[in-house]
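Have a look at the structure below before the remarks.
Here is how names work: the chains are called A, B, and so on, in the same order as the sequence lines, proteins then strands, and each is numbered from 1.
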Amino acid sequence: MTATSTPPSTSSPYAELKAPTTARRLLTAPTTGPLAALLLACAFFSLSTDQFLTGGNFSLIIQQVMVVGTLAIGQTLIILTAGIDLSCGAVMAFGSIVIARMAAEGTLPPLAAIGLGLVVCGGFGLLNGVLVQKIPLPPFIVTLGMLNVAFALTHIYSEEQTVTNLPGPLTALGETFPLGYTDVTYGSLVTIALFLLLAYALSSTGWGRHVYALGNSPEAARLNGIRTSRLTIGVYTVAGVLYGIAALLLISRTGVGDPQAGQTDNLDSITAVVLGGTSLFGGRGSVLGTFIGVLIVGVFRNGLQLMGVASIYQTLITGVLVILAVTVDQISRKKAR
Amino acid sequence: MSRTARLSSAVLRAAAVTGVAALALTACGPGSGADSGSDSSGSGSGDVKVGLITKTDTNPFFVKMKEGAEKTAKAEGVELMTAAGKFDGDNAGQVTAIENMVAAGVKGILITPSDSKAIVPAIEKAKAKGVLVIALDTPTEPESAVDALFATDNVKAGELIGEYAKAAMKGKEAKIAALDLAPGVSVGVQRHEGFLKGFGATDKDVACAQDTGGDQAKGQTAMENCLQKEPDINVVYTINEPAALGAYTALKAKGREKDVLIVSVDGGCTGTQAVKDGKIAATSQQYPLKMAAEGVKAVVTYAKDGKKASGYTDTGVTLISDKAQDGVASKDTAYGLENCWG
């Protein structure tokens, strides 16, 4: 396998066009480091508290990270194209209020309300993509603006009111079913399925290869016949739809439509992507890495809480971890050159 | 070469991450409030755990609340776990904290809800597992969603400064500015309405109303804009003392600080000192330390004999001013500073 190994960060943009196999991806960086960190953290917390290493607790952690996890999938796609999305939490909040209000007030049947929420969030993604690609504007600026637009629309449309008394279909994904000794929410399964689906799409389809190529060098990708404009807009739109699914997961988890939701989720999703080893410079990383990144944050939060450590230390540790992850990314890039 | 580099970087990353985590943990573990040295892997019979969830970690009000809970937990020989949202309004963070505390096996949870309505389903889940849930400072909607509420009567807190302001104006015509909290937050709404009731006014009499989020800088901006709109404002109601101090700064810039009456609610030490310094005329002081102490005691009682606290317990509010007005009971700032928080 050494003979065929394809370094993903060589100067040649064509190298990425060959998708690495799943096995090789698992064996090589950047996923291995985060995975080792996750396992070590788990081991540490298992030794430190009685309650950590139980099926129920593990199920709980997945349930707690499913919303940010789903956002982080979309964030990963965008970051792979060397973009960034600051609007994801706000778009999700708006989607969740649309779904909650439409359904709770009976304007639309629940399933139609959910559909509308997905369309609205997808629409925000589409708009982000078009502005980034067609004008073009830097993703940071476009999504910063969209963050404010979506935030304001959420507060205007919700009239600052939390929406309660949601019909059953809206909270169905928050329900649990027994699995072995524990209870698992349906939403956790949805999140895991989405991670696997996007991981497959990125590693084993032409679309996935094009996303990596675009992130490595848009110009080279274009010269190779990739329709980069359509691809970029597509990535932002897919991300938007994922935020819509996150909106539904959020509602199902808390049981209410909350206009204040999602305010730090944009940063949390970027944190997860970075911890998962995806490069902020695009073209390098994976959604499976992001899943590990999401779990690292969730495990630390849960484990420290079980140990009785005050929550401000979670923030401290997360901050240090992020800086470390980016530092290591930079060092490894320099070495690889 | 590059593969080796990447593998070694992966190892480096893992090692660094774990190293820092371990460092951080050893550094903060013992001093973080949980009873250090108590071996949780013991029989598990005697250890009672109490959870405290505040809106944020950083607001002095909640810092004091935590201090009260820690003191009482130590005295009662129980273990205290604490958690907080990342920002005021972070409901999801509080839901996660509740779940983790239930998983950790707490007997009771004391919570200051960031969102009175949105937190209810999570509280109900905890209660279903036999956990006593008490709201501190801020009621849930409906109030009956928790077992008990230990809080300031915010309407009364507003009423006291309303009555004070009315008496201090001595019949002069009032032009009122209201520097409020945020739309839909019960604490702010109740204080605002209490003030109007105490003053004998209605919202129509308020010349300028602005949200400040209880923030000093926003309070200053709000006051500047109010003065722009209505230069002859002479009474300022503020949601808390940071907002009041912001208003004072704005008034001072216009040379109006002497002839405008500022009243507030909270009773933090900085705020009470500002009353002593004459920047704020009067404030309604509340007692977060007491809320937390009573809360911890209630959980201990529940753990001992299964008796659940219930209903609303008023933790008291005192009008603090150095310029007492006839017919309005108040205490001076010496008392205020002795009992302030923060």
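Contacts of Ala84(B) with chain A are made by both backbone and side-chain atoms, with heavy-atom separations under 4.5 Å. Looking at Asn302(A), both its backbone and its side chain come within 4.5 Å of chain B, counting heavy atoms on both sides. The contact between Gln63(A) and chain B is made entirely by side chain atoms (from C-beta outward), counting heavy-atom distances below 4.5 Å. Both the backbone and the side chain of Lys117(B) come within less than 4.5 Å of a heavy atom in chain A. The parts of Thr254(A) that come within reach of chain B are both its backbone and its side chain, each placing non-hydrogen atoms under 4.5 angstrom from that chain.
Closest approach of Ala83(B) to Gln305(A), counting heavy atoms only: CB-OE1, 3.2 Å.
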Open item on the list: Run the side chain to side chain contact (heavy atoms under 4.5 Å, CB included) test on Asp90(B) and Thr264(A) for me, step by step, so that the C-alpha distance in whole Å, both residues' side-chain angles and the decisive distance to 0.1 Å come before the verdict.
Closed with: CA-CA 9 Å; Asp90(B) 180 14; Thr264(A) 61; 5.5 Å; no
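Heavy-atom pairs under 4.5 Å with chain A were tallied for Leu52(B), Asn100(B), Asp57(B); the largest tally goes to Asn100(B). Top candidate by heavy-atom pairs under 4.5 Å with chain B, chosen from Leu60(A), Leu39(A), Asn57(A), is Leu60(A).
In the displayed structure, Lys71(B) atom NZ is contacted under 6.0 Å by at most 12 heavy atoms of other residues, nucleotides or ligands.
Counting heavy atoms from C-beta on, the side chains of Asn91(B) and Gln260(A) never come closer than 4.5 Å. Between Lys86(B) and Asp268(A) there is a side-chain heavy-atom pair separated by less than 4.5 Å.
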